[in-house]
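Each remark here refers to the structure printed beneath this line.
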Amino acid sequence: MTRTDCRLEPLTPEELTGCFPFLARTFPENELKPLNRLLELYRRGIYDMWKLVGGGAVRGYALLLRREGCRYVLLDYLAMPEKGNGWGTACLELLKTRYPQGILVEAEAPLSDLSAEELALRERRLRFYRRSGFVPCPFDNRIFGVVYLIHLWAPELPEEKSALCARELYRYYQLQLPREMLEKHVVIEGLCPSKEEHP
């Protein structure tokens with residue numbers, strides 16, 4: 001279903017506080033940053049918060065990280081209360097217009113040791129992004145114990161997209177984490193704190 005009757009509007013800190021219980025039900029505990037951390041990123045001016053409005057109601061939320069010197073923005077969270085009705089796809093299309101330079105997304109890898117239900121959920125999420133034109137940029141990573149498949153949408157894909165996306169993703173985690181936590185919880189192929197300047 002194609003949705004054309006919607007728009008992105010800024011999500012205020014107060015609105016984020018109000019919808020945070022929904023986000024907490026939507027994302028696993030080890031993947032959702034605490035509310036005060038999200039608000040801190042927003043106050044630092046590096047976090048964009050949007051609500052998708054359509055048909056007179058809020059249909060979803062999109063939270064993104066930006067960093068000076070990074071080519072792409074990172075979609076931190078995308079959450080739709082109603083699934084399978086086109087609102088998520090519409091939100092991605094609006095985000096592409098808002099961030100024409102390109103958007104990175106992290107999607108949990110469909111690993112073989114998962115339950116059938118979890119495996120189906122992860123595969124469905126990957127199909128959702130790929131239908132919207134996001135392409136996989138494979139590289140080894142484990143972030144807070146989670147393995148992700150990184151995807152990129154961009155008007156023009158770079159030749160070495162996996163290497164570029166690995167560097168960009170690592171820099172986004174540098175932006176958010178102190179060195180000790182970065183070294184302990186973020187492993188990205190070919191990158192380590194000793195090779196990258198930490199802010």
Side-chain angles (χ1 to χ4, degrees), residues 1-11 31 41-42 44-54 59-80 86-110 122-143 146-177 182 186-193 195-199:
M1 181 184 299
T2 303
R3 295 282 184 180
T4 56
D5 58 335
C6 56
R7 64 193 181 277
L8 291 175
E9 294 183 0
L11 183 72
E31 292 183 32
L41 293 170
Y42 175 78
R44 288 169 61 187
I46 57 174
Y47 210 59
D48 292 347
M49 308 193 308
W50 301 101
K51 59 185 176 184
L52 180 72
V53 178
R59 302 296 181 176
Y61 306 95
L63 309 177
L64 301 97
L65 273 159
R66 291 177 289 103
R67 176 172 180 164
E68 187 176 348
C70 282
R71 184 181 302 190
Y72 309 120
V73 297
L74 175 64
L75 180 57
D76 206 19
Y77 301 106
L78 180 70
M80 303 289 133
W87 293 117
T89 298
C91 190
L92 285 181
E93 292 306 310
L94 290 170
L95 290 172
K96 290 177 189 177
T97 301
R98 178 75 56 173
Y99 303 99
Q101 68 271 41
I103 304 169
L104 282 171
V105 299
E106 302 166 299
E108 295 171 298
R122 294 186 184 193
E123 289 176 340
R124 188 165 62 246
R125 194 174 294 133
L126 290 173
R127 288 194 298 271
F128 163 70
Y129 284 117
R130 290 174 183 176
R131 281 197 308 270
S132 292
F134 286 77
V135 299
C137 301
F139 54 86
D140 291 338
N141 70 87
R142 184 175 293 273
I143 299 165
V146 180
V147 177
Y148 290 97
L149 289 182
I150 311 305
H151 284 62
L152 170 68
W153 171 83
E156 293 184 15
L157 295 174
E159 222 172 282
E160 298 294 330
K161 64 181 186 299
S162 292
L164 173 60
C165 290
R167 289 194 300 272
E168 296 253 305
L169 186 65
Y170 186 79
R171 295 192 72 216
Y172 273 116
Y173 279 100
Q174 281 183 315
L175 184 67
Q176 302 174 75
L177 301 173
L182 185 78
V186 177
V187 178
I188 294 178
E189 177 185 19
L191 298 174
C192 65
K195 296 179 183 177
E196 293 280 331
E197 181 182 350
H198 196 279

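One is the number of the first residue; the rest follow in order along the sequence. Computed from a predicted model, the values in this text were never measured in an experiment.
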Derivation of the side chain to side chain contact (heavy atoms under 4.5 Å, CB included) call for V73 and L95
CA-CA 10 Å; V73 297; L95 290 172; over 6 Å; no
Provide the closest heavy-atom pair for [X] versus [Y] in the form atom of the first, atom of the second, distance.
X	Y	answer
M80	Y61	CE-N, 3.9 Å
T97	P100	O-CD, 3.5 Å
Y172	C70	OH-CB, 3.8 Å
W87	L52	O-CD2, 3.4 Å
E106	I150	CG-CD1, 3.8 Å
F139	C165	CE2-C, 4.0 Å

Within the side chain of [X], is there an N or O that forms a donor-acceptor pair under 3.5 Å with the backbone of [Y]?
X	Y	result
S132	T89	no
R67	R171	yes
R122	A109	yes
R59	G54	yes

Is there side-chain contact between L63 and Y42, with at least one heavy-atom pair below 4.5 Å?
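A side-chain contact under 4.5 Å is absent here.
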Is there a side-chain contact between L8 and C91 in this structure, where contact means two heavy atoms from C-beta onward sitting under 4.5 Å apart?
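Heavy-atom side-chain distance check passes, below 4.5 Å.
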Quick one: list whatever passes side-chain hydrogen bond (donor to acceptor under 3.5 Å, both in side chains) with K96, sequence neighbours left out.
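Listed in chain order: E93.
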Could I get the full list of side-chain hydrogen bond (donor to acceptor under 3.5 Å, both in side chains) partners for W50, not counting sequence neighbours?
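Testing W50 for side-chain hydrogen bond (donor to acceptor under 3.5 Å, both in side chains), a comparison that skips the adjacent residues, returns Y99.
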Going from [atom1] on [X] to [atom2] on [Y], what distance comes out if it is rounded to the nearest 0.5 angstrom?
X	Y	atom1	atom2	answer
L157	C137	CG	SG	7.0 Å
L152	F134	CG	CZ	8.0 Å
Y148	I143	OH	CD1	6.5 Å
L41	I46	CG	CD1	5.0 Å
R66	L74	CZ	CG	12.5 Å

Does this structure show an ion pair linking R71 with E168, if we count only N-O contacts that are shorter than 4.0 Å?
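Between E168 and R71 there is no salt bridge, as every charged N stays at least 4.0 Å from the carboxylate O atoms.
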Worked check of side chain to side chain contact (heavy atoms under 4.5 Å, CB included) between L126 and H151
CA-CA 9 Å; L126 290 173; H151 284 62; 3.5 Å; yes
Determine whether Q176 and Y47 satisfy the following criterion, side chain to side chain contact (heavy atoms under 4.5 Å, CB included), listing intermediate values before the conclusion.
CA-CA 11 Å; Q176 302 174 75; Y47 210 59; over 6 Å; no
L75 pairs by side-chain contact (heavy atoms from CB on, under 4.5 Å) with which of L92, D48, L104?
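Only one option passes, and that is L92.
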Let's go through Y170 and L182 carefully: what are the C-alpha distance in whole Å and the side-chain angles of both, what is the deciding distance for side chain to side chain contact (heavy atoms under 4.5 Å, CB included) to 0.1 Å, and is it a yes or a no?
CA-CA 9 Å; Y170 186 79; L182 185 78; 3.3 Å; yes
How about CD on E9, more than 12 heavy atoms from neighbouring residues, nucleotides or ligands closer than 6.0 Å, or not?
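Result for CD/E9: enclosed.
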